[in-house]
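We number each residue from 1, following the sequence as shown.
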Amino acid sequence: MALSTRSNFERPDDAFRMIVEAHRGLSDEESADLDAALVLILANHIGDIEILGEAIALAKRRMLEASQQQQQQQ
């Protein structure tokens with residue numbers, strides 16, 4: 001199985017909104033805890049260590065790229 005990076009949601013905006021709403025009213029620490037718990041639950045659901053590794057690498061690359069773009073704009 002290859003890492004899918006396209007939306008698999010019929011209504012992706014609803015999925016995004018659900019995640020945002022789950023964080024409403026939480027402190028920064030609680031929000032980080034929720035994210036960590038959600039990642040672990042979904043990683044377990046996927047159950048493929050290679051896909052997990054690909055996803056982690058992609059997330060890190062995207063974070064670095066966003067950080068670099070932000071620095072260039074300043």
Side-chain angles (χ1 to χ4, degrees):
M1 174 196 284
L3 178 64
S4 174
T5 57
R6 62 186 158 89
S7 179
N8 291 313
F9 288 100
E10 207 171 282
R11 297 185 331 252
D13 290 344
D14 290 350
F16 178 79
R17 195 170 7 267
M18 185 180 291
I19 292 169
V20 170
E21 286 298 320
H23 289 84
R24 190 173 306 283
L26 299 180
S27 67
D28 288 347
E29 184 177 344
E30 291 168 331
S31 188
D33 288 348
L34 174 63
D35 285 342
L38 182 58
V39 165
L40 291 173
I41 291 166
L42 294 174
N44 183 64
H45 176 74
I46 293 167
D48 185 321
I49 198 74
E50 290 181 16
I51 296 297
L52 178 60
E54 285 182 51
I56 290 169
L58 178 58
K60 283 185 170 184
R61 277 196 311 274
R62 287 184 177 178
M63 284 181 57
L64 288 172
E65 289 169 1
S67 176
Q68 290 169 350
Q69 285 178 346
Q70 194 175 43
Q71 288 175 355
Q72 290 173 351
Q73 291 175 353
Q74 293 177 350

For residues [X] and [Y], determine if any side-chain heavy atom of one lies less than 4.5 Å from a side-chain heavy atom of the other.
{"X": "Leu52", "Y": "Ile56", "answer": "yes"}
{"X": "Ser67", "Y": "Gln71", "answer": "yes"}
{"X": "Ile19", "Y": "His23", "answer": "yes"}
{"X": "Asn8", "Y": "Arg6", "answer": "yes"}

*Would you indicate whether Asp14, at its atom CG, is surrounded by more than 12 heavy atoms from other residues, nucleotides or ligands within a distance under 6.0 Å?*
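Count over threshold, so yes.
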*Counting only heavy atoms not in Leu64, do more than 12 fall under 6.0 Å of its CG?*
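Buried by this count: over 12 neighbours within 6.0 Å.
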*Straight-line distance of Asp13 CG to Ser7 OG, nearest 0.5 Å*: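 Separation between the atoms: 9.0 Å.
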*Going by side-chain heavy atoms closer than 4.5 Å, which hydrophobic residues are tied to Leu26, directly or by a chain of links?*
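Its cluster partners, ordered by chain and number, are Leu34.
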*Qualifying residues under salt bridge (charged side-chain N to carboxylate O under 4.0 Å, His left out), relative to Arg61, sequence neighbours excluded*: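 If we apply the salt bridge (charged side-chain N to carboxylate O under 4.0 Å, His left out) test to Arg61, skipping adjacent residues, there are no hits.
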*asked:* Would you say Ile46 ends up clustered with Leu38 if hydrophobic residues are merged whenever their side chains have heavy atoms under 4.5 Å apart, either directly or through other cluster members?
replied: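 Leu38 and Ile46: separate clusters.
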*So Glu21 and Arg24, salt bridge (Lys or Arg N to Asp or Glu O under 4.0 Å) or not? Walk me through it.*
CA-CA 5 Å; Glu21 286 298 320; Arg24 190 173 306 283; 2.5 Å; yes
